[in-house]
K.L.:
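Have a look at this one before I ask anything.
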Amino acid sequence: TPPSPPGPSNDTSVRLVNDAAHPYVPPRNGDMRGPCPGLNTLASHGYLPHNGIVTPTQIINAVQDGFGMDNSLAIQLTYSTMLVDGNPLTNLMSIGGKSPLTGPDPPKPAIVGGVDTHAVLEGDASMTRGDFFFGDNHSFNQTLFNELVAFSNRFGGGNYNLTVATEYRFYRIQQSIAENPTFSFISPRILTAYGEAAFTFIFFVDGRKADGQLSMEAALGFFRDGRMPDDFHRADGSKTSNLVDNSVDAIFAAHPVQPGGNNGTVNSYTLDPNSAGINDTCKGYTDFVNITVRSLYPNPQGALRNNLNKNLDLFFLHVAGQCSQVFPYGQ
Ligand code: HEM
Ligand code: MG
């Protein structure tokens, strides 16, 4: 059975994380990297294994140690991703594409495709990655980054900040509506889209500065290369949880786009009343378990069922105070 996750960090202080023990080593041939610049960076600095094949415990320790993410958010992101992109039999997940290093797969329709897998967590209208429809949903896209730079010049005096996040997030949604006939923006993607826009000016800004202003030079390092600036200090881990929550609310409130998608043609955005909205926490949790996870694992047996149940219990932890647990495979 998968082990229980690490708890909150004892040391949440601002401190040097691009240190002698964690130098930048670019990925070698075969190392997995994907759509998340946070995980890519942690792997290239050795907070995660360089090959990009990871366990949930490794991810939680890495995001807490390397960036000052709080335990509850780390658990939510880690187990949601593990449940849909990882291998529940071996407890391994690729932070990029599918890899034989995660071990023998459980039966289909399970995908075990790594963090690149489209439409379970990775989704459209990313800031520096293209939509799946256009052929590559995970590599750094210089054209999109140039647009991010243009928005930072226009709205942030050259830096990425809260104002740039609100405007660029909305712009990318409009762009996908206008160009991607398959554009989808429903739960859970709708939540991660606003979350990531906030992560960028919280976790990628040096913790000694912590002013929510990210230079384009530092941004390029994280998004393209998975590289921390020299002398980079992580954020104050006792503050990031509130910062993320408040920032997500502010980014959403500036341009509240409700869940929906195009219906096969461009410019046909239609609201989806069945999808949880960004504040429907318990419906978001329940639908993820009962719809998203069950579609991949309709009838698991034996060790597979046990391990899925354990991961579902761990995923539930982040909403335990507010929602009732659901048990698709019995208790
Ligand atoms: C994007 C997973 C931690 C920053 C993503 C995506 C996934 C993901 C699946 C793709 C979503 C999409 O844009 O389509 C995870 C998991 C984490 C984690 C499982 C484990 C806790 C972090 C951390 C940071 C971060 C610690 C920042 C330090 C970002 C950013 C994006 C992103 C900025 C958006 C990239 C873009 O839009 O171009 N992450 N992430 N993530 N992640 Fe992470
Ligand atoms: Mg994406």
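Counting starts at 1 for both ligands and their atoms, following the listed order.
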K.L.:
Under 2.8 Å from the Mg ion (ligand 2) - does any N, O or S atom of S126 fall there?
P.N.:
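Under 2.8 Å: S126 contacts the Mg ion (ligand 2) through an N, O or S atom.
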
K.L.:
Considering only NZ, NE, NH1 and NH2 on the basic side and carboxylate oxygens on the acidic side, decide whether D231 and R208 come within less than 4.0 Å.
P.N.:
yes

K.L.:
Decide if the gap between the ring center of Y79 and the ring center of F315 is smaller than 6.0 angstrom.
P.N.:
no

K.L.:
Answer yes if the ring centres of F223 and F140 are under 6.0 angstrom apart, and no otherwise.
P.N.:
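Not under 6.0 Å, so no.
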
K.L.:
Is the distance from the Mg ion (ligand 2) to some N, O or S atom of R189 under 2.8 Å?
P.N.:
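Of the N, O and S atoms in R189, none lies under 2.8 Å from the Mg ion (ligand 2), which means no.
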
K.L.:
Walk me through it: do S4 and K310 pass the test side chain to side chain donor-acceptor pair (under 3.5 Å)?
P.N.:
CA-CA 9 Å; S4 291; K310 175 82 188 194; 3.2 Å; yes

K.L.:
Which protein residues have a heavy atom closer than 4.0 Å to any atom of ligand 1, listed by chain and number?
P.N.:
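Under the 4.0 Å cut-off, ligand 1 touches P35, C36, P37, G38, L39, I59, V63, F67, M69, L77, T78, T81, V115, E122, G123, S126, M127, T128, R129, R189, E196, F199, T200, F203, F204, F223.
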
K.L.:
Does a sphere of radius 6.0 Å around CD in E217 hold more than 12 heavy atoms from other residues, nucleotides or ligands, not counting ones at 6.0 Å or beyond?
P.N.:
no

K.L.:
Please verify the inter-ring angle class for F252 with Y194; under 30° counts as parallel, over 60° as perpendicular, anything in between as tilted.
P.N.:
perpendicular

K.L.:
Give a yes or no on whether D131 keeps an N, O or S atom under 2.8 Å from the Mg ion (ligand 2).
P.N.:
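No, since none of the N, O or S atoms of D131 sits under 2.8 Å from the Mg ion (ligand 2).
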
K.L.:
For the Mg ion (ligand 2), find the closest N/O/S atom on E122 and give its atom name.
P.N.:
OE2

K.L.:
Just by distance, no angles: are the side chains of E167 and Y171 close enough, under 3.5 Å, to form a donor-acceptor pair?
P.N.:
no

K.L.:
Run F222 and F203 through ring pair (Phe, Tyr, Trp, His ring centres under 6.0 Å) and show every step you take.
P.N.:
CA-CA 10 Å; F222 284 111; F203 296 113; over 10 Å; no

